[in-house]
Participant: 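Sharing a structure below in structure tokens format, with a few things to ask.
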Amino acid sequence: MQRALSTHLFVNHHLTTVWLDRIWDAGIPLVELFCARQHLDYRDKAQITELGHWFRDSELKLHSIHSPMYTDDVWGRSGPHAVINITEQVKPKRIQMVDEIKRAIEIAEIIPCRYLIQHLGVSGEEFDPRKVDAAFSALEEISLFAGGRGVEVLLENIPNSLASAERLLVFFELTHMHLNVCFDVGHANMKEGVETAYRLLKSRIHDNNGKEDSHLFPLGSGTIDWPRAMDTLRSAPDQYPLLLELKEQPDLANPLATVRDIFERLEGMTAKQVER
């Protein structure tokens, strides 16, 4: 598997080319840009242009863009209006949210990339057929807009009653949408379990998102059985990148050195080794 890292690791910092240089220097060839406006303001043409110039001269490739979750720069704390949720049933509000996601997709006009990672609902959201209809309408428009820029929309399995592995299959059956999936190991662990969720979604998986619950660093204090998880992820004949989406740890002096070490340990890990 190729190594990929989400800039979520630096999400509380303004994203500059300095961070991208550090990612490349850590031996990571692919990056995901995490769209949070305090970090990457996709409406700021100057920031996107600066990053675009850097990518044109760099070997580091933009693998994916993580769709914005909030319109503000304080993680939605400015109020409920700041939450971006494509299951919003009030059409004018949903149109505004889709427009916000489109602005993020426009990054691909400056920096080519393969995927947009999109959430279906928010954490803990309950199932409702009307929400399925709303998401279907939003995703049709988002997919068309993204496709025109060479970007494929991947739905991420998340811990709610709309987008767990099981529920994503229900969504695909109800809507007949031919979308693929970014498989989030941490979210799968919180719902069906990694192996069960992977088995349910494997025919649609185009990307792996490796993290513990709450974006903890893998192999730390989390609950995922990583040797079994890695065996599961390697079982696919066509391998896709292993992308780490991690939360900054203030006590880590050199987080990218730790990330490099984690990649090396995950790549060499199997359940059989542990059994011995």
Side-chain angles (χ1 to χ4, degrees), residues 4 6 8 32 34-35 63-69 83-89 94 97-98 101 104-105 114-147 151-215 224 228-229 232-233 235-243 245:
S6 171
H8 186 278
E32 174 183 274
F34 194 91
C35 290
H63 176 67
S64 54
I65 297 167
H66 194 293
S67 187
M69 299 165 64
V83 177
I84 299 174
N85 187 352
I86 63 171
T87 68
E88 170 60 55
Q89 295 170 57
R94 188 173 68 249
M97 294 174 184
V98 169
I101 294 167
I105 295 170
R114 293 187 65 183
Y115 301 119
L116 174 81
I117 311 301
Q118 179 63 50
H119 285 193
L120 181 56
V122 297
S123 183
E125 187 162 352
E126 295 297 322
F127 179 84
D128 185 323
R130 293 169 296 180
K131 293 179 180 179
V132 171
D133 289 340
F136 172 64
S137 176
L139 284 167
E140 274 198 316
E141 188 168 349
I142 292 167
S143 296
L144 183 64
F145 191 84
V151 177
E152 178 183 352
V153 177
L154 300 182
L155 293 183
E156 180 180 331
N157 57 302
I158 60 174
N160 68 24
S161 295
L162 284 163
S164 66
E166 232 172 5
R167 287 296 188 170
L168 280 177
L169 293 183
V170 172
F171 179 79
F172 294 140
E173 184 178 355
L174 291 173
T175 62
H176 301 283
M177 295 197 83
H178 300 291
L179 295 177
N180 290 308
V181 170
C182 170
F183 183 71
D184 189 298
V185 176
H187 291 163
N189 188 56
M190 294 168 70
K191 294 294 283 185
E192 298 93 345
V194 175
E195 291 176 82
T196 299
Y198 186 87
R199 176 175 48 79
L200 290 170
L201 295 174
K202 64 181 180 181
S203 65
R204 292 180 181 262
I205 294 173
H206 276 210
D207 201 10
N208 283 321
N209 188 332
K211 68 173 188 290
E212 283 281 358
D213 307 347
S214 304
H215 300 272
I224 295 173
R228 290 180 67 90
T232 299
L233 298 179
S235 66
D238 297 319
Q239 288 299 298
Y240 16 69
L242 176 64
L243 187 146
E245 184 181 286

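Quantities reported herein were computed from a predicted structural model and do not represent experimental measurements.
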Participant: Do L139 and L155 have side-chain heavy atoms sitting under 4.5 Å apart?
Facilitator: yes
Participant: Please tell me if the side chains of Y115 and E32 come closer than 4.5 Å, counting only heavy atoms from C-beta onward.
Facilitator: no
Participant: Of all heavy-atom pairs between C35 and S67, which one has the smallest distance, and what is that distance?
Facilitator: CB-C, 4.3 Å
Participant: Taking the side chain as every heavy atom from C-beta outward, state whether I158 and S123 have any atom pair closer than 4.5 Å.
Facilitator: no
Participant: Rounded at 0.5 Å granularity, tell me how far CD1 in I205 sits from CG in D184.
Facilitator: 11.0 Å
Participant: Among E88, E125, E126, which one satisfies side chain to side chain donor-acceptor pair (under 3.5 Å) with K131?
Facilitator: E125
Participant: With side-chain contact (heavy atoms from CB on, under 4.5 Å) as the test, would you mind laying out the steps for I101 and I86 before giving the verdict?
Facilitator: CA-CA 10 Å; I101 294 167; I86 63 171; 3.6 Å; yes
Participant: Taking the side chain as every heavy atom from C-beta outward, state whether V122 and N160 have any atom pair closer than 4.5 Å.
Facilitator: no
Participant: Under the criterion side-chain contact (heavy atoms from CB on, under 4.5 Å), I'd like the reasoning laid out for F172 against V181: C-alpha separation, chi angles, the key distance, then a yes or no.
Facilitator: CA-CA 11 Å; F172 294 140; V181 170; 4.1 Å; yes
Participant: Drop me the distance from Q118's CD to M69's CE, to the nearest 0.5 angstrom.
Facilitator: 10.0 Å
Participant: Would you name the heavy atoms of A229 and V194 that are closest together and state the gap between them?
Facilitator: CB-CG1, 4.1 Å
Participant: Is there a donor-acceptor pair under 3.5 Å between the side chain of H187 and the backbone N or O of N157?
Facilitator: yes
Participant: Restricting to non-hydrogen atoms, name the atom on L154 and the atom on C182 that form the minimum distance, rounded to 0.1 Å.
Facilitator: CB-N, 3.9 Å
Participant: Output, in order, the C-alpha distance, side-chain angles, deciding distance and verdict of side chain to side chain donor-acceptor pair (under 3.5 Å) for E156 and H119.
Facilitator: CA-CA 6 Å; E156 180 180 331; H119 285 193; 3.3 Å; yes
Participant: At their closest point, which heavy atom of R204 faces which heavy atom of M177, and how far apart are they?
Facilitator: NH1-O, 3.7 Å
Participant: Write out all pairs satisfying salt bridge (charged side-chain N to carboxylate O under 4.0 Å, His left out) with one or both partners inside residues 193-202, taking only residues at least two apart or from two chains.
Facilitator: E195-R228
Participant: Once side-chain contact (heavy atoms from CB on, under 4.5 Å) is applied, do any residues pair with S137, and if so which ones, sequence neighbours excluded?
Facilitator: R94
Participant: Check whether E141 reaches the backbone of V98 with its side chain - one donor and one acceptor, N or O, closer than 3.5 Å.
Facilitator: no
Participant: Could you check if a side-chain atom of H63 sits within less than 4.5 angstrom of a side-chain atom of P241, using non-hydrogen atoms only?
Facilitator: yes
Participant: E192 side chain to E166 main-chain N or O, any donor-acceptor pair under 3.5 Å?
Facilitator: yes
Participant: With rounding to the nearest 0.5 angstrom, report the CZ to CG distance, F183 to L233.
Facilitator: 6.5 Å
Participant: Is it the case that over 12 heavy atoms from other parts of the model lie below 6.0 angstrom from the CD atom of E152?
Facilitator: yes
Participant: Roughly how far apart are D207 CG and L242 CG, rounded to 0.5 Å?
Facilitator: 9.0 Å
Participant: Is the side chain of S164 donor-acceptor paired with the backbone N or O of S161 at a distance under 3.5 Å, no angle test?
Facilitator: no
Participant: Could you go through V132 and F171, starting from their C-alpha distance and side-chain angles, then the distance that decides it, and tell me whether this counts as side-chain contact (heavy atoms from CB on, under 4.5 Å)?
Facilitator: CA-CA 7 Å; V132 171; F171 179 79; 3.8 Å; yes
Participant: Atom CZ of R167 and atom NZ of K191: how far apart are they, to the nearest 0.5 Å?
Facilitator: 8.5 Å
Participant: For a quick test of reading the model, state the closest non-hydrogen atom pair linking N85 to G121 and the distance between them.
Facilitator: OD1-CA, 3.3 Å
Participant: State, with a plain yes or no, whether a side-chain heavy atom of I105 is found less than 4.5 Å away from one of I65.
Facilitator: no
Participant: Could you state the interatomic distance from NE2 (H206) to CG (L179), rounded to the nearest 0.5 Å?
Facilitator: 10.5 Å
Participant: Locate the shortest heavy-atom distance separating G186 from I224; write the atom from each residue and the value.
Facilitator: CA-CD1, 3.9 Å
